[in-house]
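Report on one structure; see the data block that follows.
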Amino acid sequence: MTSDATNDRIAEAFAQVPREPFLPIAERQNASDNVPLPIGHGQTNSQPSTVADMLRLLDPRPGDVVLDLGSGSGWTSMLLAVLVGPTGRVLGVERHPELVESSQAALESVAAEFADGETLAEAAIHEAVPGALGLPAEAPFDRILVSAGAESLPDELVDQLAVGATMVIPVAGEMLRVVRGGDSADALTITRHGWYRFVPLVSE
């Protein structure tokens with residue numbers, strides 16, 4: 001159950017991080033619409049209500065190290081940078097080089113507008129490693145947010161969770177919250193949270 005404090009922190013992050021700078025110029029007029037918006041390369045900037053749902057399930061805490069897989073436009077990475085604060089760290093991963101470049105530029109531009117940049121986590125977008133999911137070399141992570149749909153729960157991502165850590169990921173269209181309670185394969189607690197549509201998760 002998400003606490004009122006978590007809901008308040010997420011609402012405040014949305015208030016601080018505008019969607020417009022993370023959209024193509026032609027789509028910025030639609031930023032307030034609660035719909036996914038195209039950002040090129042067959043990718044979208046997710047529907048705001050879906051992002052809020054996922055962040056509530058993820059419940060990122062100050063100081064967390066977060067993997068933002070399928071970071072796309074960089075908007076979710078910036079929201080996470082606000083939520084985990086200056087003692088945290090956000091590592092976005094995107095497989096399209098052009099989106100890596102544009103999302104990193106948007107992150108830096110929006111961060112520069114913050115009155116107090118010291119309230120933000122360090123956030124950077126990395127180009128996906130071909131044939132791999134996530135960033136195994138940077139693991140373990142306290143939180144993993146996956147904004148692409150998997151056909152089954154990827155063991156490769158579960159292995160990148162710290163003990164006690166949480167991953168939110170759409171699997172076969174259903175949003176899962178995965179908590180790793182220990183090192184063994186049966187130490188996962190998985191809860192299900194409704195049906196969503198995402199672009200597919202790939203590791204080509």
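The residues of the chain are indexed from 1 along the displayed sequence. What you see below is based on every heavy atom in this structure, not just the backbone, and it leaves out hydrogens, waters and symmetry mates.
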Next item on the list: Side-chain contact test, heavy atoms from C-beta onward, threshold under 4.5 Å: evaluate it for Leu107 versus Phe22 and give yes or no.
Entry: yes
Rounded to the nearest 0.5 angstrom, the CG-CG distance for Leu57 and Leu176 is 10.0 Å
Minimal heavy-atom distance between Gln16 and Val82, with the atoms involved, is NE2-CG1, 4.0 Å
Side chain Asn34, main chain Ser49, donor-acceptor under 3.5 Å:
yes
**Request:** Give a yes or no on whether the backbone of Val65 and the side-chain of Asp142 come within a donor-acceptor separation of less than 3.5 Å.
**Result:** yes
Strictly by modelled atom types, are Gln104 and Glu108 linked by a side-chain donor-acceptor pair under 3.5 Å?
-> yes
Which of Leu161, Asp64, Leu91 passes side chain to side chain contact (heavy atoms under 4.5 Å, CB included) with Phe141? Answer is Leu91
For Leu157 and Ile144 the tightest heavy-atom approach is O-CD1, 3.6 Å
Task: Minimum side-chain heavy-atom gap Glu94-Ser103 below 4.5 Å - done: no
Is there side-chain contact between Arg143 and Arg61, with heavy atoms separated by less than 4.5 Å? yes
*Taking the side chain as every heavy atom from C-beta outward, state whether Val146 and Met54 have any atom pair closer than 4.5 Å.*
no
Does any part of the side chain of Leu69, heavy atoms only, come nearer than 4.5 Å to the side chain of Leu135, both counted from C-beta? no
CZ (Arg180) and CD1 (Ile190) are apart, to the nearest 0.5 Å, by 12.0 Å
Rounded to the nearest 0.5 Å, the CZ atom of Arg9 sits from the CG atom of Asp59 at a distance of 7.0 Å
* Evaluate whether atom CD of Glu101 has more than 12 neighbouring non-hydrogen atoms of other residues, nucleotides or ligands under 6.0 angstrom away. => no
So salt bridge (Lys or Arg N to Asp or Glu O under 4.0 Å) across residues 81-93, not counting sequence neighbours, yields Arg89-Glu138
Determine whether Val100 and Val110 fall in the same hydrophobic cluster, where Ile, Leu, Val, Met, Phe, Trp and Tyr are linked whenever their side-chain heavy atoms lie under 4.5 Å apart. yes
Shortest non-hydrogen pair, Pro21 vs Ala106, comes out as O-CB, 3.6 Å
Scanning both residues in full, the closest heavy-atom pair of Ala121 with Val90 reads CB-CG2, 4.4 Å
Flag the pair Ser73 / Leu99 as yes when at least one side-chain heavy-atom distance between them is below 4.5 Å, and no otherwise. no
Of all heavy-atom pairs linking Leu67 and Gly134, the shortest is CD2-CA, 3.8 Å
Output for pair (Leu133 CG, Asp159 CG), nearest 0.5 Å, gives 11.0 Å
So the salt bridge (Lys or Arg N to Asp or Glu O under 4.0 Å) pairs with at least one residue in residues 34-55 (sequence neighbours excluded) are Asp53-Arg56
Quick check: does any side chain N or O of Arg19 sit under 3.5 Å from a backbone N or O of Trp75, one acting as donor and the other as acceptor?
-> no
Residue pairs passing the ring-ring contact (aromatic ring centres under 6.0 Å, His included) test with at least one member in residues 76-105, sequence neighbours excluded, are His41-His96
**Asked** Is it true that atom CZ of Arg28 has more than 12 heavy atoms of other residues, nucleotides or ligands lying nearer than 6.0 Å?
**Response** yes
Looking only at heavy atoms, the pair that brings Ser71 and Thr76 closest together is O-OG1, 4.2 Å
| query | Below 4.5 Å, heavy atoms only, C-beta onward: do Ser77 and Ile125 meet side chain to side chain? | reply | yes
message: Could you check whether any side-chain heavy atom of Leu153 comes within less than 4.5 Å of a side-chain heavy atom of Met167, counting everything from C-beta outward?
response: yes
Problem set entry | Verdict with supporting geometry, Val66 and Leu83, side chain to side chain contact (heavy atoms under 4.5 Å, CB included) | CA-CA 10 Å; Val66 184; Leu83 289 164; over 6 Å; no
